[in-house]
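Because the structure is predicted, anything quoted here is derived from the model rather than measured. Hydrogens, waters and symmetry mates play no part in the numbers below; they use all other heavy atoms, side chains included.
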Amino acid sequence: MIVILFGPPGAGKGTQAQRIEKAHGLVQLSTGDMLRAAVAAKTHYGQKAQEKMAAGQLVSDDIVIGIIADRIKEDDCKNGFILDGFPRNVAQAKALDEMLNEEGVHLSAVVQMEVDDEALVDRISGRYTCATCNEGYHDTNLKPKVDGVCDNCGGTEFKRRADDNAETVAKRLDEYYAQTAPVLPYYAEKGILQRVDGMAAIDDVTAQINAVLAA
């Protein structure tokens with residue numbers, strides 16, 4: 001099973017990817033993580049990526065696709081994988097399709113987590129984490145049981161991401177709709193795009209995605 005998750009920053013893709021991993025025995029793949037691992041391991045494509053970065057250039061799509069192709073051959077991907085954050089444009093989507101065809105596999109589902117922009121800004125700008133164990137909380141939706149004390153580890157220090165503010169979130173939403181959202185019609189035309197309500201409760205979103213994957 002090969003799944004792609006789409007949704008703007010803060011839609012909950014990471015949370016749902018972790019749940020899909022556990023439920024279906026898949027592996028969540030991040031292009032950033034794969035790139036860093038390939039560079040560290042000095043693979044063929046990792047070295048090419050390092051050369052590009054050393055020259056101050058963007059890593060080209062063919063290198064990224066090569067890194068993904070190498071990664072999915074590893075044993076932990078034998079049951080399938082989840083892509084989060086890739087592809088970012090139609091050219092990458094087409095290149096990914098070509099690579100998967102060459103490997104003899106195909107996409108099982110492309111899931112779009114639909115959100116309400118205004119509500120999403122509130123969701124992200126209100127979140128914070130325990131400074132000790134990184135347990136997540138929210139100003140209104142998910143407060144610690146005891147104010148100022150982490151439910152998980154008992155820590156009393158908390159932190160917020162510097163970019164978790166309304167202005168930055170709005171900018172990231174604009175970038176998502178301008179750059180990544182145009183990929184969605186490509187998958188819709190192929191008949192594999194499925195939409196779920198990303199603003200629903202976490203368990204409800206999980207149930208929607210599981211229904212898509214079971215179809």
Point to revise | Heavy-atom pair with the smallest gap, counting every atom of I4 and F86 | key: CG2-O, 3.8 Å

Study note, to complete from the structure: For D174, the side chain to side chain donor-acceptor pair (under 3.5 Å) test, sequence neighbours excluded, returns none

Check your understanding: Taking a hydrophobic cluster as the set of Ile, Leu, Val, Met, Phe, Trp and Tyr residues connected by side-chain heavy atoms closer than 4.5 Å, whether directly or through intermediates, do V110 and Y186 fall within one such cluster?
Key -> yes

Exercise for review: Indicate yes or no for a side-chain donor-acceptor contact from Q16 to the backbone of G12 under 3.5 Å, with no hydrogens or angles considered.
Suggested key: no

Practice item. Can you tell me which residue pairs pass the salt bridge (charged side-chain N to carboxylate O under 4.0 Å, His left out) test with a partner in residues 120-141, sequence neighbours excluded? Key: R127-D164, D139-R160

Review point. With no hydrogens and no angle check, is any side-chain donor or acceptor of K52 less than 3.5 Å from a backbone partner on L58?
Key: no

Check your understanding: Between the side chain of H24 and the main-chain N/O of L26, is any donor-acceptor distance below 3.5 Å?
Key -> no

**Study point:** Donor-acceptor side-chain pairing of Y177 and D117 below 3.5 angstrom
**Key:** yes

Review point. Does the side chain of R19 come under 3.5 Å of the side chain of T206 through a donor N or O and an acceptor N or O?
Key: yes

Review point. Any chance the side chains of D97 and H106 put a donor and an acceptor closer than 3.5 Å?
Key: no

Study note, to complete from the structure: Nearest heavy-atom contact between K143 and D151 is O-OD2, 4.4 Å

Check your understanding: Taking atom types as modelled, is there a side-chain donor on T168 or N165 under 3.5 Å from an acceptor on the other?
Key -> yes

Study note, to complete from the structure: Note: I124 and P9 closest approach over all heavy atoms is CD1-O, 3.1 Å

Practice item. Ignoring hydrogens and angles, tell me if any N or O in the side chain of E157 forms a donor-acceptor pair with the backbone of A131 under 3.5 Å. Key: no

Exercise for review: Inspect the contact between K78 and D75 and indicate whether a charged nitrogen and a carboxylate oxygen are less than 4.0 angstrom apart.
Suggested key: no

